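Quick note: residue numbers are just sequence positions, from 1. These numbers come from a predicted model, not from an experiment.
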Amino acid sequence: MRILLAVDGSEHSDHATKAIHSLASIHSLTVLHVLNLPRLTYPMLGPDIAKDLAMTVEQAMRTEGEEVLKRTMSHLSYHAAPVNTRLEEGAPAEIILSVAEEVQADLVMIGVRGVGQLQELVLGSVSHQVLTQARCPVLIIKTPVSHINKILLPLQDLEDVGRIKKFLNKHPFHGQVEITVFSVVPIPRSIFRAGISAHESKIQEALESTETFLDIAISELKSFPYCVIGLVGMGAPAETILEQEAETKPDLIVMGIHHPSSVSQILLGSVSHTVLHRSSAPILLLR
């Protein structure tokens, strides 16, 4: 795999750096730090003084950026794959997306702190922009990752199966990995709380249809050297996935992004975005 690791010097960025060792088949690694230089204006000063101050700020930020890359490389000193560092200037999300295209990244990795969905949407964070615009999978790291042995794979349709197969073809994981394929029958629990019940035969039909879908998905994944099991849940999809995460404590959640460019999906909160914002596990989003 060709991996682009975007770092900013934060603790969460260090978590993402150290998570590199949990992935396999890495052919090249690009470590990117972006200088988001402020637009400084000093109308009360002469142009020469203003220029000197701006240059001082830029030099300080470049020095700090070089230190970030140096520290990142110290965490990667054991890594066998070629590692290339880049210090670029510009809007962070735009530069990350541009470099990902340039190096033909198979995966972008970013460490982020947990923030509320509304806060991230309003502020337009770097991770949110990269997630919605990147053409390759994006791995979001919030907490330290020591290994990836258990994967929770919520599936919505056969397109999701195609996405995960494409990624697994790159042999991204070490050793024995257990993948729990999870599909949710989307019957809102509020219906039951309100005293309204769907006809049992209809619920049974929905469960049987979902189990058939899981059988197909599992058969598609049997060619990979992983242990694959299937589970069916029932309820609101995002809530049910989060409950499954709390119960099984996976090392990684892998999900597909559906209609990522739709403003309405972001505003209303798609399943993948809801899980992303509320889960504590690393999340790999595929497209």
Rounded to the nearest 0.5 Å, what separation is found between the [atom1] atom of [X] and the [atom2] atom of [Y]?
X: Met255; Y: Phe182; atom1: CE; atom2: CZ; result: 10.5 Å
X: Leu131; Y: Ser272; atom1: CG; atom2: OG; result: 8.5 Å
X: Asn169; Y: His171; atom1: CG; atom2: NE2; result: 6.5 Å
X: Leu23; Y: His174; atom1: CG; atom2: NE2; result: 6.5 Å
X: Leu153; Y: Ile241; atom1: CG; atom2: CD1; result: 10.0 Å
X: Asp160; Y: Arg287; atom1: CG; atom2: CZ; result: 12.5 Å

Could you tabulate the donor-acceptor pairs under 3.5 Å formed by side-chain atoms of residues 92-110, not counting sequence neighbours?
from, atom 1, to, atom 2, distance (Å)
Glu102, OE1, Arg86, NH1, 3.4
Glu102, OE1, Arg86, NH2, 3.2
Glu102, OE2, Arg86, NH1, 2.9
Asp106, OD1, Lys170, NZ, 3.4
Asp106, OD2, Arg2, N, 2.8

Counting distance only, does the side-chain N/O of [X] pair as donor-acceptor with the main-chain N or O of [Y] below 3.5 Å?
X: Asn36; Y: Ala91; result: no
X: Asn84; Y: Thr30; result: no
X: Ser25; Y: Met1; result: no
X: Lys18; Y: Ser146; result: no
X: Ser127; Y: Val112; result: no

Taking C-beta and beyond as the side chain, do [X] and [Y] meet within less than 4.5 Å on heavy atoms?
X: Asn149; Y: Gln176; answer: no
X: Gln244; Y: Leu152; answer: yes
X: Asp251; Y: Val177; answer: no
X: Ile257; Y: Leu286; answer: no

* **Pairs satisfying ring-ring contact (aromatic ring centres under 6.0 Å, His included), at least one member in residues 14-36, at least two apart** =>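 Sorted pair list: His12-His15.
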* Give the intermediate values and the outcome of side chain to side chain contact (heavy atoms under 4.5 Å, CB included) for residues Thr248 and Thr180. => CA-CA 10 Å; Thr248 60; Thr180 299; 6.0 Å; no
Where [X] and [Y] come nearest, the two heavy atoms and their spacing:
X: Thr143; Y: Ser280; answer: OG1-O, 3.4 Å
X: Ala6; Y: Ser13; answer: O-OG, 4.1 Å
X: Pro237; Y: Val271; answer: CB-CG2, 3.8 Å
X: Gly90; Y: Val34; answer: O-CG1, 3.4 Å
X: Ala19; Y: Ser22; answer: O-OG, 2.6 Å

* Mind checking side-chain contact (heavy atoms from CB on, under 4.5 Å) for Thr72 and listing every partner two or more places apart, or none if nothing turns up? =>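 So Thr72 forms a side-chain contact (heavy atoms from CB on, under 4.5 Å) with Leu5, Val7, Thr17, Val31, Val68, Leu76.
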* Asked: Can you name the residues that form a side-chain contact (heavy atoms from CB on, under 4.5 Å) with Ser279, not counting sequence neighbours?
  ->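 With neighbours one apart ignored, the set is Leu242, Glu245, Ile253, Val275, Ala281, Ile283.
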I'd like to check the side chain to side chain donor-acceptor pair (under 3.5 Å) partners of [X]; sequence neighbours left out, ordered by chain and number.
X: Glu208; answer: Gln204
X: Asp14; answer: none
X: Thr63; answer: Gln59

* Please walk me through it: do Leu139 and Leu252 pass side chain to side chain contact (heavy atoms under 4.5 Å, CB included)? -> CA-CA 10 Å; Leu139 176 55; Leu252 176 68; 3.6 Å; yes
Determine all donor-acceptor pairs shorter than 3.5 Å in which one atom belongs to a side chain in residues 213-232; sequence neighbours excluded.
from, atom 1, to, atom 2, distance (Å)
Ser219, OG, Asp215, O, 3.3
Ser219, OG, Ile216, O, 2.6
Glu220, OE1, Lys165, NZ, 2.7

* Asked: With sequence neighbours left out, what residues match Glu89 under salt bridge (charged side-chain N to carboxylate O under 4.0 Å, His left out)?
  ->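 Checked Glu89 against salt bridge (charged side-chain N to carboxylate O under 4.0 Å, His left out); matches are Arg62.
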* Asked: CZ of Arg135: more than 12 outside heavy atoms within 6.0 angstrom?
  ->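 Result for CZ/Arg135: open.
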* Might you work through the side chain to side chain contact (heavy atoms under 4.5 Å, CB included) test for Ile151 and Glu178, ending with a clear yes or no? => CA-CA 6 Å; Ile151 295 174; Glu178 179 184 279; over 6 Å; no
* Sequence neighbours excluded, every pair satisfying salt bridge (charged side-chain N to carboxylate O under 4.0 Å, His left out) that has a member inside residues 272-284 ->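 Checked against salt bridge (charged side-chain N to carboxylate O under 4.0 Å, His left out) - neighbours excluded - the pairs reaching residues 272-284 are Glu239-Arg278.
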* To do: Go through Met234 and Val184 one step at a time and tell me if the side chain to side chain contact (heavy atoms under 4.5 Å, CB included) criterion holds.
  => CA-CA 5 Å; Met234 182 180 296; Val184 180; 5.7 Å; no
